[in-house]
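What follows is a set of notes on a single structure, which appears directly below.
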Amino acid sequence: MNQTQTSWTKDALNALSGAGYRRGGARKAVVELLGRQNCCLGAQEIHDHLRRARRPVGIASVYRALDALVELRLVKRVDAGDGIARFEPAPADGDHHHHLVCRDCGKVEAFSDSRLERAIDRVAGGLGYSVEEHEVVLTGACADCAA
């Protein structure tokens with residue numbers, strides 16, 4: 001786990017505690033798992049990861065934990081256009097990435113591009129907008145499915 005992930009995990013657990021949530025159980029397990037991820041995961045994927053790690057957390061508890069994290073703006077809900085809500089940490093420094101989604105196998109990959117970020121700022125500024133948040137999702141076929 002890198003420093004940013006460790007910091008997000010610690011900050012998220014502190015924010016949950018400060019909001020009156022207990023630190024143990026499902027919320028802690030979900031936060032710790034998300035803090036180790038490089039991209040977004042669906043609730044079922046989170047549940048499956050926790051079960052494989054022998055963390056006995058019910059799917060309803062995963063959804064409740066995610067709802068609390070989204071409400072506190074600690075986690076972003078990502079709509080990849082396939083009907084599955086995915087979730088990933090929302091770093092306090094605003095650092096973020098975007099997503100490529102394979103329409104055939106459902107694989108989701110993260111990408112960052114500084115030129116894209118500058119283009120978004122230029123377009124928004126040209127129209128008089130101050131963009132606080134944005135999400136870019138590119139849909140197509142991954143290299144495996146395109147072959």
Side-chain angles (χ1 to χ4, degrees), residues 1-121 124 130-147:
M1 193 179 317
N2 69 36
Q3 184 62 32
T4 302
Q5 292 167 318
T6 302
S7 176
W8 178 86
T9 300
K10 182 180 167 189
D11 292 346
L13 290 171
N14 287 336
L16 283 166
S17 182
Y21 292 98
R22 291 182 304 132
R23 274 193 117 144
R27 279 181 292 278
K28 183 176 182 191
V30 170
V31 166
E32 289 173 348
L33 175 65
L34 286 173
R36 293 189 301 269
Q37 302 306 305
N38 293 321
C39 197
C40 54
L41 293 173
Q44 187 63 55
E45 290 173 300
I46 292 168
H47 181 253
D48 293 345
H49 278 282
L50 294 174
R51 286 186 70 216
R52 282 193 298 274
R54 302 199 190 292
R55 299 288 302 263
V57 174
I59 188 72
S61 296
V62 170
Y63 277 107
R64 283 192 299 274
L66 291 169
D67 286 345
L69 292 165
V70 168
E71 182 180 321
L72 294 171
R73 300 180 72 108
L74 298 166
V75 166
K76 284 187 347 179
R77 179 186 163 120
V78 176
D79 179 5
D82 60 359
I84 298 171
R86 291 181 175 83
F87 303 87
E88 64 187 9
D93 64 6
D95 189 33
H96 69 282
H97 58 253
H98 301 292
H99 301 92
L100 291 154
V101 181
C102 180
R103 70 174 174 273
D104 297 326
C105 70
K107 179 167 59 174
V108 178
E109 294 187 69
F111 76 93
S112 297
D113 187 316
S114 60
R115 293 169 301 168
L116 176 60
E117 297 301 324
R118 288 191 300 273
I120 290 169
D121 290 342
S130 173
V131 175
E132 296 172 9
E133 190 175 312
H134 65 272
E135 175 67 31
V136 175
V137 177
L138 303 176
T139 305
C142 69
D144 293 336
C145 293

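Note that the coordinates shown come from a computational prediction; the quantities given were computed from them, not determined experimentally. Counting from 1, the numbers follow the sequence of the chain as shown. Values reported hereafter were calculated over all heavy atoms of this structure, with side chains retained and with hydrogens, waters and symmetry mates removed.
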What is the minimum heavy-atom distance between Cys102 and Cys145, and which atoms define it?
SG-SG, 3.6 Å
Of the non-hydrogen atoms in Trp8 and Pro89, which two are nearest, and what is the gap between them?
CE2-CB, 3.4 Å
Using a strict cut-off of less than 4.0 Å between a Lys/Arg side-chain nitrogen and an Asp/Glu carboxylate oxygen, indicate whether Arg36 and Glu32 qualify as a salt bridge.
no
Rounded to the nearest 0.5 angstrom, the CD1-CZ distance for Ile46 and Phe87 is 7.0 Å
His47 side-chain N/O to Val57 backbone N/O, donor-acceptor pair under 3.5 Å:
yes
Under the side chain to side chain contact (heavy atoms under 4.5 Å, CB included) rule, what do Leu16 and Leu69 come out as? Steps first, then yes or no, please.
CA-CA 8 Å; Leu16 283 166; Leu69 292 165; 3.8 Å; yes
Exercise: identify the closest heavy-atom pair between Ala43 and Ile59:
O-CD1, 3.8 Å
Residues, nucleotides or ligands: over 12 heavy atoms within 6.0 Å of Arg115 CZ:
no
Could you walk me through whether His98 and His134 pass side chain to side chain contact (heavy atoms under 4.5 Å, CB included), step by step?
CA-CA 9 Å; His98 301 292; His134 65 272; 3.1 Å; yes
Distance in Å, Leu34 CG paired with Cys39 SG, rounded so as to fall on 0.5 Å steps:
11.5 Å
Inspect the contact between Glu133 and Lys76 and indicate whether a charged nitrogen and a carboxylate oxygen are less than 4.0 angstrom apart.
no
side-chain contact (heavy atoms from CB on, under 4.5 Å) with His49: of Leu33, Val30, Val62, only one passes, and it is Leu33
Pairwise distance CG(Asp113) to CZ(Arg118) - rounded to 0.5 angstrom
8.0 Å
If you round to the nearest 0.5 Å, how far is CG of Leu74 from CZ of Arg27?
12.5 Å
Euclidean distance, Glu135 CD relative to Arg77 CZ, rounded to 0.5 Å
12.0 Å
Show your working on side chain to side chain contact (heavy atoms under 4.5 Å, CB included) between Asp144 and Cys105 and close with a plain yes or no.
CA-CA 9 Å; Asp144 293 336; Cys105 70; over 6 Å; no
State whether Arg86 and Glu88 are salt-bridged, where the test is any N-O pair (Lys NZ or Arg NE/NH1/NH2 against Asp/Glu carboxylate O) under 4.0 Å.
no
Nearest heavy-atom contact between Gly42 and Glu45 is N-OE1, 2.6 Å
Distance from Asp11 atom CG to Leu72 atom CG, nearest 0.5 Å?
12.5 Å
Using distance alone, with no hydrogens and no angle criterion, decide if His97 and Glu109 have a side-chain donor and acceptor under 3.5 Å apart.
no
